[in-house]
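Everything numeric here is computed off the predicted structure, so don't read it as measured data.
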Amino acid sequence: MRELTSSSMRWSIAFLGLAAVALLWSVLTSASSESGARPVLVIRVEGVIAPSSADYIISAIKRADRELAQALVIELDTPGGLDLSMRSIIKEMLSAERPTVVYVSPSGARAASAGAFITLAAHVAAMAPGTNIGAAHPVNMGGQMDKEMNKKVTNDAAAYIRTIAERRGRNVQWAEDAVRKSVSATEKEALKLKVIDLVSEKLEDLLGAIDGLAVTTASGKVTLRTKGAEVKRIEMGLRDKVLKVISDPTIAYLLMMLGLAGLYFELSTPGAILPGILGGICLILAFYAFQTLPINYAGLLLILLAVILFIAEVKVASHGLLAAGGITAMILGSLMLIKSSEPFMRISLTAILATTGATAAFFIFIVTMALRTQRQKTTTGVEGLIGQVGTARTPLRPEGRIFVGGELWSARCEEGAETGDKVRVQAVKGLMLMVGKEAAVVEAHAVPTQDRSGR
């Protein structure tokens with residue numbers, strides 16, 4: 001009994017010792033973290049704010065929260081983007097537990113339209129020299145809005161940006177003017193107007209300047225310890241990179257045209273397989289990209305009509321009318337496909353002209369080759385025998401056998417022929433060739449000539 005009690009005591013002491021070591025390690029780790037050992041995460045966002053960039057930013061914010069990073073720095077350079085993507089980013093920023101820092105950089109960069117909203121929503125907003133922010137008036141990606149709808153959209157955007165500016169303690173009036181009057185500001189003007197918190201020439205300077213700054217996040221007050229902190233850059237994942245590339249209007253348009261071309265080749269030459277596979281992949285990627293773009297379905301229907309007209313030109317002799325209609329429909333459809341007044345959301349005119357020209361040239365080439373083939377004399381099969389000259393292998397009285405086209409045939413010659421005579425095939429009836437003596441054929445053709453000459 002005493003031995004059992006002694007053994008239990010030893011185990012209890014060992015357990016308490018391990019617990020003390022674990023507690024000490026936890027305290028030391030916590031102290032180390034609080035002393036600034038946690039890294040600063042940095043991402044770079046360039047181009048249009050779209051679903052790909054939204055996923056990239058949101059995943060980085062969640063990672064910063066998960067890893068208890070000192071802060072997440074978003075290096076931003078954007079002309080604007082989609083309202084839905086912008087709002088999903090801001091929603092995540094406002095609920096972030098770790099500080100987010102938006103840094104408009106490098107020199108020459110801008111935070112326009114949706115970029116202005118995102119910059120104002122950050123816990124810390126900074127800009128590099130030679131940058132600008134603003135011009136946040138909402139634009140309908142579908143083109144022009146009527147007066148009443150424009151008023152509703154503008155009021156909604158103005159209320160949204162006012163809420164963001166008030167929450168972050170920034171210039172509310174300027175923020176509203178950026179929406180209603182499309183005002184913009186340089187980095188110096190933005191700092192003077194209290195739209196941003198500071199101007200920094202490079203990232204290292206920014207991290208040093210915000211060190212010790214206290215900000216309020218979703219989890220409470222947080223003091224930034226960024227000076228000398230490790231900087232970890234987060235690269236965009238493969239999925240987001242692919243989505244970013246195909247979301248470009250010109251790329252999405254080219255994918256659609258390649259997909260249609262691939263399906264046409266597969267249908268015109270069944271069994272080729274590869275064109276069908278590549279065409280299907282391109283079409284799926286194009287339609288996936290179209291989900292993020294303001295598509296005008298009238299333009300899409302015009303492009304499909306153009307393809308149908310090109311195919312019909314191959315099948316029907318329209319003397320080029322169907323091809324001309326197809327070219328016109330394709331150009332108009334391509335110009336109408338993306339309905340947006342924003343330049344960065346339009347399809348490149350060069351790409352439209354090059355694609356239309358290549359497609360038209362291809363179908364015109366096909367039509368030309370088809371017409372040339374139709375005009376050529378048939379040289380194979382039963383029709384190919386007519387007009388050929390053969391040699392009688394047996395007397396034709398009136399039937400016998402002849403050698404023509406490398407084969408022996410049964411033949412019938414009404415005027416008769418002897419073995420070795422040259423005969424020309426005039427018609428084919430079943431497996432019997434109707435022939436005439438070569439001299440007689442020449443004479444028969446010569447008579448109308450003499451009659452036409454008047455001799």
Main-chain N/O of [Y] paired with [X] side-chain donor or acceptor, under 3.5 Å:
{"X": "Thr226", "Y": "Leu207", "value": "yes"}
{"X": "Gln70", "Y": "Leu224", "value": "no"}
{"X": "Asp156", "Y": "Lys152", "value": "no"}
{"X": "Asp77", "Y": "Arg110", "value": "yes"}
{"X": "Asp197", "Y": "Ala126", "value": "no"}
{"X": "Arg170", "Y": "Leu120", "value": "yes"}
{"X": "Asn171", "Y": "Leu193", "value": "yes"}
{"X": "Thr356", "Y": "Leu353", "value": "no"}
{"X": "Ser200", "Y": "Lys202", "value": "no"}
{"X": "Ser107", "Y": "Pro129", "value": "yes"}

Straight-line distance of [X] [atom1] to [Y] [atom2], nearest 0.5 Å:
{"X": "Glu46", "Y": "Glu75", "atom1": "CD", "atom2": "CD", "result": "9.0 Å"}
{"X": "Ile234", "Y": "Leu41", "atom1": "CD1", "atom2": "CG", "result": "4.5 Å"}
{"X": "His137", "Y": "Lys181", "atom1": "NE2", "atom2": "NZ", "result": "13.0 Å"}
{"X": "Leu335", "Y": "Leu349", "atom1": "CG", "atom2": "CG", "result": "6.5 Å"}
{"X": "Ile89", "Y": "Ile118", "atom1": "CD1", "atom2": "CD1", "result": "4.0 Å"}
{"X": "Arg44", "Y": "Met236", "atom1": "CZ", "atom2": "CE", "result": "11.5 Å"}

Inset, instruction - May I ask you to check whether over 12 heavy atoms, not counting those of Leu84, lie within 6.0 Å of atom CG? - result: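 At most 12 heavy atoms, drawn from other residues, nucleotides or ligands, come within 6.0 Å of this atom.
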Legend entry - Glu201 atom CD, over 12 foreign heavy atoms within 6.0 Å: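 Not buried by this count: 12 neighbours or fewer within 6.0 Å.
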Legend entry - Passing option when Val73 is tested against Val231, Val42, Ile43 for side chain to side chain contact (heavy atoms under 4.5 Å, CB included):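 Only match with Val73 under side chain to side chain contact (heavy atoms under 4.5 Å, CB included): Val42.
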Inset, instruction - In plain terms, say whether Glu230 and Lys232 are close enough for a salt bridge, that is, a side-chain N and a carboxylate O under 4.0 Å apart. - result: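 Here Glu230 does not pair with Lys232 in a salt bridge, since their nearest N and O are not under 4.0 Å apart.
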Inset, instruction - Verify the distance criterion only: is there a donor paired with an acceptor across the side chains of Ser334 and Tyr253 at less than 3.5 Å? - result: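 There is such a pair (donor and acceptor under 3.5 Å, judged by atom type) between the side chains of Ser334 and Tyr253.
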